[in-house]
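So the structure is just underneath, and the comments pick up after that.
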Number of protein chains: 2
Amino acid sequence: MFQLLNNTKNNQALATLEAQPLTEDNKNMATIKDVAKLAGVSKATVSRVLNGNERVSQIARDKVKQTMKELGYKPSALAQALATNRSRTIGMVVSDLSGPFFGPIMKSAEKVIRDAGFQLVVTNGHGQEDREREAIEFMTNRPVDALILTVFALPEEEIVELHRNGTPIVLLNRRIQGFEDNCIYLDNKQGGYLATKRMLELGHDRVAFLAGHFTHPDSLERLEGYQQALDEFGIPFRQDLVFDDDYNEDGGRRMCQKLLNLKRDFSAIFCGNDLIAIGARDVLNQHGKLQSTCMVGFDDVTFAQYLNPSLSSVFFPVEQMGERAGHMALAMAGHKTAAVTHVLQPRLIERESLMAAQPND
Amino acid sequence: MFQLLNNTKNNQALATLEAQPLTEDNKNMATIKDVAKLAGVSKATVSRVLNGNERVSQIARDKVKQTMKELGYKPSALAQALATNRSRTIGMVVSDLSGPFFGPIMKSAEKVIRDAGFQLVVTNGHGQEDREREAIEFMTNRPVDALILTVFALPEEEIVELHRNGTPIVLLNRRIQGFEDNCIYLDNKQGGYLATKRMLELGHDRVAFLAGHFTHPDSLERLEGYQQALDEFGIPFRQDLVFDDDYNEDGGRRMCQKLLNLKRDFSAIFCGNDLIAIGARDVLNQHGKLQSTCMVGFDDVTFAQYLNPSLSSVFFPVEQMGERAGHMALAMAGHKTAAVTHVLQPRLIERESLMAAQPND
DNA sequence: TTGTAAGCGTTATCAC
DNA sequence: GTGATAACGCTTACAA
């Protein structure tokens with residue numbers, strides 16, 4: 001039955017294929033000139049009805065609109081951009097085009113941007129300084145009306161200067177002093193605080209922290225939150241329960257291994273992100289300690305809920321960040337939009353990994 | 001210590017900020033005209049050295065190059081596009097900007113495209129016909145030199161016609177008869193075959209198939225593979241072991257629930273994709289049957305390996321697909337590239353879920 | 001209200 | 001080799 005369906009469709013496609021041989025320059029899109037000529041008006045008038053608001057007689061306007069339809073006329077965004085010096089395009093540089101973190105950010109940003117009649121252009125900065133610079137240059141030559149940046153490697157000065165030179169910037173996950181109005185970032189300290197506090201409330205008084213590298217400001221802020229929670233519970237901070245390594249599974253594995261090797265006493269682990277958590281779980285599992293260790297990750301990527309036991313995590317409002325970034329960029333590009341928040345609030349998602357164990361087993 | 005570092009940086013940024021008040025039109029990028037004037041040659045000559053190959057005297061060429069540097073001149077991609085009618089841009093429409101499946105495709109496509117000096121522009125089609133059409137229109141107005149499409153809803157005729165009208169198309173995950181040269185897709189039948197065969201080899205003679213909707217050609221092809229494997233092992237096909245529903249967790253949950261409710265006899269399950277597998281596992285787990293059921297998913301998304309027991313899956317070569325698509329699009333855009341394959345081969349990734357049970361427990 | 005014409009920053013076709 | 005000059009498709013004063 002589906003075979004039948006398929007064939008019907010395919011025959012149609014085939015027919016079209018044969019009927020109309022491929023002429024390279026079938027691409028003869030109608031131009032504003034064609035419309036003007038056929039409608040018996042000047043290019044200027046056509047341009048006016050195109051841009052809506054001008055004063056054009058109803059009769060001319062109708063005539064032009066009709067002609068546009070007949071010709072299937074679509075204005076060339078390119079020519080418009082050249083003439084107006086605005087491309088209705090927003091650029092975005094992420095440090096990983098794939099991956100569970102940037103996907104949702106891009107998605108939600110793209111939505112608000114496209115709904116405003118703008119276009120989002122995304123490019124990969126790979127988290128490396130030269131690649132980031134190159135990516136940005138790529139975009140500014142297009143050009144773009146605003147730029148959403150997620151760059152960790154590029155020096156602050158360059159970012160600020162880019163903005164001064166006329167390319168409005170929205171900076172994600174990074175805060176530059178004196179440039180805060182252009183930044184959107186998570187309250188990382190609060191995230192670290194929430195996670196740690198909850199584990200302490202559950203009675204765990206020896207909470208390890210497997211962080212990402214402390215060269216990354218986020219890690220330090222999360223550490224501050226961790227410390228604050230300890231303080232509140234009157235538990236002394238122990239340097240020997242804190243580790244730092246890469247923000248990925250291998251980093252998690254190494255840190256957890258160290259923790260175990262050193263025979264440190266602990267019953268709970270706070271991880272710098274969910275990938276670290278996954279690596280750590282792996283090691284815990286090998287030692288039969290997965291079920292008996294309380295754990296909280298960070299970011300709450302999609303698969304955290306699929307793990308077994310499901311992973312508790314500090315939720316990073318990625319969609320929200322994308323949305324805000326989109327609005328902000330649009331505002332900078334001269335498009336009216338609502339006011340934006342610069343600091344996003346995390347919240348703790350409690351799942352099985354939090355309840356897995358009693359503190360003093 | 002990091003605080004110190006931060007402050008140093010920030011002060012610099014701040015200094016820059018104050019030194020150079022924001023003038024809206026700081027954006028006075030040098031144009032080809034400026035270069036020509038300062039170098040004492042004509043625009044034509046500058047254009048020639050810009051495009052490399054022409055016959056320009058060494059002395060003039062040097063002079064121009066130097067001047068370009070001094071002025072920090074960057075050609076406007078926009079003006080170039082308008083003049084040449086090629087934008088050095090490749091468009092891509094995906095049906096989900098986030099998600100584990102399209103991420104890697106975009107990523108690898110972007111790499112080959114950018115390495116060729118082209119730009120990738122990605123847009124979301126949301127898998128809905130009108131959105132897809134709109135997305136494509138958005139791109140063709142830019143315009144783009146070629147288009148990589150992942151559209152399931154858009155009618156075949158429209159796609160073929162678009163191509164005829166001068167926008168070269170690369171079509172992913174879909175095959176249109178008479179249009180195969182523009183398509184890149186997985187050998188789904190082979191995927192279904194590999195998964196089923198392996199389970200049969202392990203002694204499971206009652207393998208259920210929780211498929212995605214059979215309105216989707218992929219599902220049917222995978223079903224064919226499933227049947228072929230059964231045939232080879234001389235096991236009769238049983239319609240009552242096959243279900244179809246949405247390609248997501250809920251679909252998986254529903255199908256698995258049905259399977260259990262109907263008291264069908266089975267020891268292994270082949271799932272239409274990994275999300276279906278996740279949903280099904282959920283239900284199996286509730287019934288204490290997770291460990292005792294042999295299972296294979298499809299796509300091998302990143303988190304399959306993180307599940308517990310880890311999920312076996314038919315690997316979909318997403319990076320390869322993105323790469324090929326990029327090369328193919330570049331070739332169509334007039335950029336020389338290597339030959340491409342149109343049919344991609346899956347392979348079976350064996351993990352714990354395959355070994356979980358003995359057939360006749 | 002409408003048209004003319006001068007841009008926007010390139011490339012490309014001519015002559016010289 | 002090199003330089004005018006006309007496109008490319010649109011916007012936008014400035015006139016009419």
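Any value given below was found using the heavy atoms of this structure, including those in side chains, with hydrogens, waters and symmetry copies removed. Each chain gets a letter, A, B and so on, in the order its sequence line appears, and its residues count up from 1. Everything numeric in this text was worked out from a predicted model, so none of it was measured.
Of all nucleotides listed (D:dG9, C:dT11, C:dT2), D:dG9 comes nearest to the side chain of A:Thr31. Of the candidate nucleotides C:dT2, C:dT10, D:dC10, C:dT2 has the atom nearest to the side chain of A:Ala60. Out of C:dT11, D:dG9, D:dA4, the shortest distance to the side chain of B:Ala44 is found at D:dA4. Set against D:dT2, D:dC10, C:dT1, the side chain of B:Ser57 has D:dT2 as its closest nucleotide.
Rounded to whole Å, the distance from NZ on A:Lys37 to P on D:dG9 is 12 Å. Taking atom CZ of residue A:Arg55 and atom P of nucleotide D:dA13, one finds them 13 Å apart after rounding to whole Å. Atom pair A:Arg88:CZ and D:dC10:C1' shows a separation of 14 Å (rounding to whole Å applied). In this structure, B:Leu78 places its CG atom 9 Å from C1' of C:dC8, rounding to the nearest Å. Atom CD1 of B:Ile32 is separated from atom P of C:dT10 by 5 Å (rounded to the nearest Å). Look at CG on B:Asn85: it is 12 Å from C1' on D:dA7, rounded to the nearest Å. Rounded to whole angstrom, the span from the CZ atom of B:Arg142 across to the P atom of D:dG9 amounts to 17 Å. Atom CG in B:Asp34 sits roughly 10 Å away from atom C1' in C:dG9 (whole-Å rounding).
An OP1 or OP2 oxygen of D:dC8 is reached within less than 4.0 angstrom by no side-chain nitrogen or oxygen of B:Thr84. Phosphate contact (OP1/OP2 of D:dT11, side-chain N/O of A:Ser47, threshold under 4.0 Å): present. For D:dG3, the OP1/OP2 oxygens have a side-chain nitrogen or oxygen of B:Thr45 closer than 4.0 Å.
Within 3.5 Å, a donor on the side chain of A:Arg48 pairs with an acceptor on the base of C:dG3, or the reverse. For B:Lys43 against C:dT10, a side-chain-to-base donor-acceptor contact under 3.5 Å is present.
Using a 4.0 Å cut-off between a side-chain N of Lys or Arg and a carboxylate O of Asp or Glu, B:Glu137 and A:Lys74 qualify as a salt bridge. Note on B:Glu319 versus B:Lys107: no salt bridge recorded, every NZ/NE/NH1/NH2 to OD/OE distance being 4.0 Å or above.
For the residue pair A:Asn165 and A:Thr167, no side-chain donor N or O sits within less than 3.5 Å of a side-chain acceptor on the partner. For the residue pair B:Gln66 and B:Asp62, no side-chain donor N or O sits within less than 3.5 Å of a side-chain acceptor on the partner. Counted by atom type alone, B:Thr123 and A:Gln119 present zero donor-acceptor pairs between their side chains at under 3.5 Å.
Within the 4.0 angstrom heavy-atom criterion, no nucleotide atom of any strand lies near A:Val46.
For B:Thr341, the side chain to side chain donor-acceptor pair (under 3.5 Å) partners are B:Arg324, not counting sequence neighbours.
Of the possible polar contacts, none joining the B:Thr140 side chain to the B:Pro143 backbone as a donor-acceptor pair under 3.5 Å is found.
In terms of position along DNA chain D, the nucleotide closest to B:Gly40 lies nearer the 5' end than the nucleotide closest to the other residue of the pair B:Gly40 and A:Leu82.
Within a heavy-atom distance below 4.0 Å of DNA chain D, no residue of residues 66-77 of chain B is found.
Between B:Tyr185 and B:His342, the distance from one ring center to the other does not fall under 6.0 angstrom.
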